[in-house]
Student: 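The structure under discussion is supplied below as structure tokens; questions concerning it will follow.
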Amino acid sequence: MTNLYAQEALSRARGNTSGLNYQAIFAGFMARGIPSSEIIPRENVLTYKAWQAIGRQVKKGEKGVKVITWIRYTDKTGQEVVKPQSAYVFHITQTERI
């Protein structure tokens, strides 16, 4: 079941075209000493589950950058709802191969 969630997270991360979180991503990782030229959202900046989907694990103790994602779901009445949810993203340097 976890693998399914990881694949879904990867699909959402790579398929999204919004640049809404770019400022927070760049500011957060540059504050940690990562040059802006090495920050490529959706390629080397992904969520915990998305990293797992491609065979990488976030290293113990690493702190991510908080971003806002939009989650779509169907409520009890059958209506599609979109709601904001916070998530954390990690740079590839914060991960290791599984």
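In this text the structure is predicted, and so the values were computed from the model without any measurement. Start at 1 with the first residue, then count along the sequence. As a basis for the values below, the full set of heavy atoms in this structure was taken, side chains included, without hydrogen atoms, waters or symmetry mates.
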Student: Going by heavy atoms in the side chains, are Thr93 and Phe29 under 4.5 Å from each other?
Tutor: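 The answer is no, as the side chains (C-beta and beyond) never meet within the 4.5 Å cut-off.
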
Student: What I'd like to find out is whether the side chain of Val67 reaches to under 4.5 Å of the side chain of Ile25, using heavy atoms alone.
Tutor: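 Yes, close enough: below the 4.5 Å cut-off.
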
Student: Say whether Val58 and Ile54 are linked into one hydrophobic cluster, either directly or through other cluster members, by side-chain heavy-atom distances under 4.5 angstrom.
Tutor: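 Shared cluster, yes.
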
Student: Quick one: do Leu20 and Trp70 satisfy side-chain contact (heavy atoms from CB on, under 4.5 Å)? Show the steps, please.
Tutor: CA-CA 11 Å; Leu20 179 68; Trp70 296 91; 3.7 Å; yes

Student: Do Ile98 and Ile92 belong to the same hydrophobic cluster, where Ile, Leu, Val, Met, Phe, Trp and Tyr are linked whenever their side-chain heavy atoms lie under 4.5 Å apart, directly or via other members?
Tutor: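 As far as the 4.5 Å side-chain criterion goes, Ile92 and Ile98 are not connected within one cluster.
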
Student: Would you find a donor on one side and an acceptor on the other, under 3.5 Å apart, between the side chain of Asn21 and the backbone of Ala24?
Tutor: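 Side chain of Asn21 to backbone of Ala24, a donor-acceptor pair under 3.5 Å: no, none is there.
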
Student: Group every Ile, Leu, Val, Met, Phe, Trp and Tyr by side-chain heavy-atom contacts under 4.5 Å, then state whether Tyr22 and Ile34 land in the same group.
Tutor: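 Tyr22 and Ile34: one cluster.
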
Student: In terms of side-chain geometry, is the basic nitrogen of Arg72 or Glu80 positioned less than 4.0 Å from the acidic oxygen of its partner?
Tutor: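 Yes, charged N to carboxylate O under 4.0 Å.
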
Student: Give a yes or no answer on whether the side chain of Trp51 reaches the backbone of Thr95 with a donor-acceptor pair at less than 3.5 Å.
Tutor: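 It does not hold such a pair.
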
Student: Show your reasoning for whether side-chain contact (heavy atoms from CB on, under 4.5 Å) applies to Thr74 and Gln79.
Tutor: CA-CA 5 Å; Thr74 304; Gln79 287 190 313; over 6 Å; no

Student: Backbone N or O of Pro35 within a donor-acceptor pair of the Glu38 side chain at under 3.5 Å?
Tutor: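 Such a contact is absent between Glu38 side chain and Pro35 backbone.
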
Student: Any idea which heavy atoms bring Ala50 and Leu46 closest together, and the distance?
Tutor: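 Looks like CB-CB, 3.8 Å.
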
Student: Mind listing the closest non-hydrogen atom pair of Gln94 and Lys63 along with its distance?
Tutor: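 Heavy-atom minimum between the residues: NE2-O, 2.8 Å.
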
Student: Distance from Gln52 atom CD to Gln57 atom CD, nearest 0.5 Å?
Tutor: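 Result: 5.0 Å between the selected atoms.
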
Student: Would Ile39 and Val45 count as a side-chain contact (heavy atoms from CB on, under 4.5 Å) if you check the C-alpha gap in whole Å, the side-chain angles of each, and the deciding distance to 0.1 Å?
Tutor: CA-CA 7 Å; Ile39 301 168; Val45 176; 4.0 Å; yes

Student: Quick check for you: to the nearest 0.5 Å, what is the distance between Gln85 atom CD and Ile71 atom CD1?
Tutor: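 Output value for this atom pair is 4.5 Å.
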
Student: Could you tell me whether the side chain of Tyr88 reaches within less than 4.5 Å of the side chain of Tyr48, counting heavy atoms only?
Tutor: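 No. Closest side-chain heavy atoms not under 4.5 Å.
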
Student: Quick check on Lys59: does its NZ atom have over 12 non-hydrogen neighbours (other residues, nucleotides or ligands) under 6.0 Å away?
Tutor: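 Atom NZ in Lys59 is packed in, count exceeds 12.
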
Student: If you compare all heavy atoms of Arg32 against all heavy atoms of Gly64, which two are closest, and at what distance to 0.1 Å?
Tutor: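 Closest heavy-atom pair between Arg32 and Gly64: NH2-O, 3.3 Å.
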
Student: For the residue pair Ala87 and Thr69, what are the closest heavy atoms and their distance?
Tutor: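 So the two residues come closest at CB-CG2, 4.0 Å.
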
